[in-house]
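All remarks here apply to the structure that follows.
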Protein chains: 2
Amino acid sequence: MIVNFAERAHNHNWELDPVVRSLLDTDFYKLLMLQFIWKHYPTTRVSFSLANRTSSVRLADMFAVEEVVGQLEHVRKLRFRKSELVWLAGNTFYGHRGIFEWKFLEWLEQDFKLSDYELSVTDGQFQLAFDGYWPETTMWEVYALSIISELKTRASMKKLSEFELDILYARTKTKLWGKIERLYGVPNLSVADFGTRRRHSFLWQEYVVKAMASNLGRGFIGTSNAFLAHKHDLEAIGTNAHEIPMVLAALANDDQALKTSQYHVLDLWQSTYEGALRVMLPDTFGTTQFLKGAPEWTADWTGQRMDSKNPYVAGDEYIEWLKERGRDPRDKLVIASDALDIDDIIGLHAYFGGALRAGASAQDFRQAADFQDSRKWTPGRRIRFSAGWGTLLTNDFRGCDPKGRIEFDPISLICKVSDVEGRPAVKLSDNYAKALGPASEIERYRRVFGTEGIANAGLVA
Amino acid sequence: MIVNFAERAHNHNWELDPVVRSLLDTDFYKLLMLQFIWKHYPTTRVSFSLANRTSSVRLADMFAVEEVVGQLEHVRKLRFRKSELVWLAGNTFYGHRGIFEWKFLEWLEQDFKLSDYELSVTDGQFQLAFDGYWPETTMWEVYALSIISELKTRASMKKLSEFELDILYARTKTKLWGKIERLYGVPNLSVADFGTRRRHSFLWQEYVVKAMASNLGRGFIGTSNAFLAHKHDLEAIGTNAHEIPMVLAALANDDQALKTSQYHVLDLWQSTYEGALRVMLPDTFGTTQFLKGAPEWTADWTGQRMDSKNPYVAGDEYIEWLKERGRDPRDKLVIASDALDIDDIIGLHAYFGGALRAGASAQDFRQAADFQDSRKWTPGRRIRFSAGWGTLLTNDFRGCDPKGRIEFDPISLICKVSDVEGRPAVKLSDNYAKALGPASEIERYRRVFGTEGIANAGLVA
């Protein structure tokens, strides 16, 4: 074989192997929220802060701050490409055309920019914060997370020989295939990739998404990653996240306004998107209080995402709530997205998609064959169920390192709104361990929203 | 990335993707035997025939006879390269320099050629035979086997998508690594690759050999494949095979000469190689009768290969035989080479390399840690043990096909001497299922050699 001299020299010329290849390489819902923010809150000042909740992993000992800077600067130089803007303009999202306004797309092309950042190291961890107008800070969240996540991967890979790297990926592919095999043939499956932010690497996420798309047919409904959706002709999945209710709550001037802010979000969202994309996220300040106090019209929404409550409990709670309001739950949707893995996905699918028969529990469902056994299960959905499979889809390298270490295991990285116009931002969630914000503010929020239905559930990456 | 136009066009220009890339791509012992044959039997006419003992796999339904012809013709066009002859001339084999004579190497360079072949199809199987002078037919054995084996692989791979192929190899690498991990750290390990003839493919064998060499250190003693040994600076392993005693037996003119021919082989071999390479293969006509009737000087040989008898039994039998002749078995060597896999290798290593303690059996040894447990095992070899790991090293794709089929499982292909100067060739072996030759001749041989110690053990690929 003749040496490709140009390619070889070019490869050695590389100054940076970028983690983020495109501004579309983010969760699709960030773009929906960006339009919402651009429209309603263009000059609200919002800070985001990155944190590693897995403090035992000292990231700043693994790779240099200069590497982080190089990647962040690379992202700041990116612009939306013509073809990407055309895709946003011309594509149909959730069956709706023209989700993105022309004016917004013009702004994206001409005026969108990312804020400055502050980066330092304390006690082995990177301190990374973004401060500025909300439209300039919000997009940093996913870029920053995927950068830190992939730099960690690269640092760990530097310790492996070529052969060990090959085995690392062989094992992980084997593990991935084991999961896909279990999903293969499960009736009416509905699974999406939600794994951009804490992925092993961009290329691995792409591999996983292609594997799911090639092998699960309609059971794989798409990816939250807009770049991958665009590149591979897949559906872009996702609607909105905690940052909107958190910011609107922080902007509330008194306890009464705080309490109602969570519904104001929904009102503003549905007027912005003219009734499309109506999936609510009721757990920001506790799902139970949210549902109890929710205005009647919220029962017209398509469904809800369950992000911090035991999803079996959360789904049942929503079903009962819908019935009380005279809505048929079978027309509604629940999306589980909290630290899901294969067992949960199949179990939840069985639980919401049909009737478990005498003695069977959700944990007994392991693969398609279990759904064929009418002594265990009969079809007939109680509510539509979708799985938003995140970190344990795109970064499940547990047990795959040929050296037997845990360096490739995913960690719990987050990047959240920390400050809004000088006021601290708070999230309570349905899991005490996932609360965010200063203790005094959390206390105030708990006083306002109560703690009904909130559990102690620990954390998974 | 700029398209490499030349490479792309060249790849489409390929007329043949050769299975056999070099005349050295064979078992090293074939070269040792070739020199022996060239020296002593240059004009003896010997036929070889290929047979698929796994008759349920209809090879001729899987790929066309033209593909076989293309590969066989490619091999006939190959010549020993200068660098290969230099390696044979200059390398040290088993600590001996100049194993190959200059005259033989000259002959290899100038006059070596492969005989014609006869190829047809009957009942879904290829009928492939080689007839001619022994030096022109002997080398076909390994080339023909590896060609048929790899064409089967390629035919099966044509049914898989790119993704399925990727998973096939990921799973097989994972399986291979599981085996290597178990061998890692086993004290005084001695394992060689013997898997050329029934390999999945040349490139997979190369991958396996490199994996073993990179990860097992001195525990991996080398490969029987001369091309891989040359290419990767490894020891070439192997001495001789059944074809020599089979041919010499067929040439014997009466029962007495038949009986003594098995020792004549050894006599001629040791005079040819001046005392080097003295590993005998006593099972051609039954190990027990061989040892009982063997001349005293055979106890001076370095060791024996155990190719068809239960290796635990065969090793113990040899140890007793050596002791009776006043030789210290700890200086001698046994090599197991019959359908070995990881469990056998570790078990045999424990059995011959030390003392099993109260209640422990060879099957209890699974990995290095078992050898550290002095309640189970104490070191102190009874005889040196080496494993010649063949098909289940280089073609263990069982359970790896993502479609769940058995098409990639290895099959029992053989290519053996069938005829010598018009007389049928016979092998009895220590396993009734492995006997070769016409029934009437097998009966005559059994009358001459007896059947003591011969067992019914079935066949493994």
Side-chain angles (χ1 to χ4, degrees), chain A residues 1-11 13-14 17 21 160-185 203-204 206-217 220 232 367-369 396-405, chain B residues 1-11 13-14 17 21 160-185 203-204 206-217 220 232 367-369 396-405:
Chain A
M1 202 149 53
I2 294 171
V3 172
N4 188 329
F5 295 98
E7 181 179 297
R8 190 179 158 87
H10 174 67
N11 285 347
N13 280 347
W14 272 16
D17 184 0
R21 287 154 166 77
L160 298 186
S161 68
E162 184 182 5
F163 186 75
E164 288 165 340
L165 288 167
D166 195 43
I167 294 301
L168 174 75
Y169 283 106
R171 283 182 160 184
T172 314
K173 286 176 177 178
T174 297
K175 192 171 189 184
L176 171 67
W177 183 254
K179 295 182 182 184
I180 291 176
E181 260 189 337
R182 287 178 56 192
L183 292 176
Y184 186 81
L203 291 173
W204 178 251
E206 187 171 41
Y207 178 88
V208 168
V209 164
K210 286 164 72 180
M212 300 274 284
S214 306
N215 290 283
L216 292 179
F220 180 64
H232 297 293
Q367 61 212 346
D396 189 4
F397 281 63
R398 295 171 300 174
C400 297
D401 180 354
K403 291 196 162 164
R405 301 161 313 166
Chain B
M1 201 149 55
I2 294 171
V3 171
N4 188 329
F5 295 98
E7 182 179 297
R8 189 179 158 87
H10 174 67
N11 285 346
N13 281 346
W14 272 16
D17 183 1
R21 287 154 166 78
L160 298 186
S161 68
E162 184 182 5
F163 186 76
E164 288 164 341
L165 289 166
D166 195 44
I167 294 301
L168 174 75
Y169 283 106
R171 283 182 159 183
T172 314
K173 286 177 177 178
T174 297
K175 192 171 189 183
L176 171 67
W177 183 254
K179 295 182 182 184
I180 291 176
E181 261 189 337
R182 287 178 56 192
L183 292 176
Y184 187 81
L203 291 174
W204 178 251
E206 187 171 41
Y207 178 89
V208 168
V209 164
K210 286 164 72 180
M212 300 274 283
S214 306
N215 290 284
L216 293 179
F220 180 63
H232 297 292
Q367 61 213 346
D396 189 4
F397 281 63
R398 295 170 299 174
C400 297
D401 180 354
K403 291 196 162 163
R405 302 160 313 167

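Naming convention: chains lettered A, B, ... in sequence-line order (proteins, then strands); numbering from 1 in each chain.
The distance from the CG atom of A:N11 to the CG atom of A:D17 is 10.0 Å, given to the nearest 0.5 Å.
Note: A:A211 leads A:A6, A:S214, A:A211 in heavy-atom pairs under 4.5 Å with chain B. Note on B:T174, B:N4, B:I2: by heavy-atom pairs under 4.5 Å with chain A, the leading option is B:T174.
Both the sub-6.0 Å distance and the 45° axial angle are not jointly satisfied by A:K210 relative to the ring of B:F163.
For the residue pair B:C400 and B:R171, the shortest heavy atom distance occurs at O-CD, 3.3 Å. For the pair B:F220 and B:V209, the tightest heavy-atom approach, listed with the atom from each and the gap, is CE2-O, 3.9 Å.
In terms of the side-chain hydrogen bond (donor to acceptor under 3.5 Å, both in side chains) criterion, residue partners of B:R405 (sequence neighbours excluded) are, by chain and number, B:D401, B:E407.
Contact annotation: the side chain of A:K403 never approaches that of A:L168 to less than 4.5 Å [non-hydrogen atoms, C-beta and beyond].
Residues of residues 177-185 of chain A that come closer than 4.5 Å to chain B, counting heavy atoms only, are A:W177, A:E181, ordered by residue number.
Ring geometry, B:W204 versus B:Y169: the interplanar angle falls from 30° to 60°, so the pair is classed tilted.
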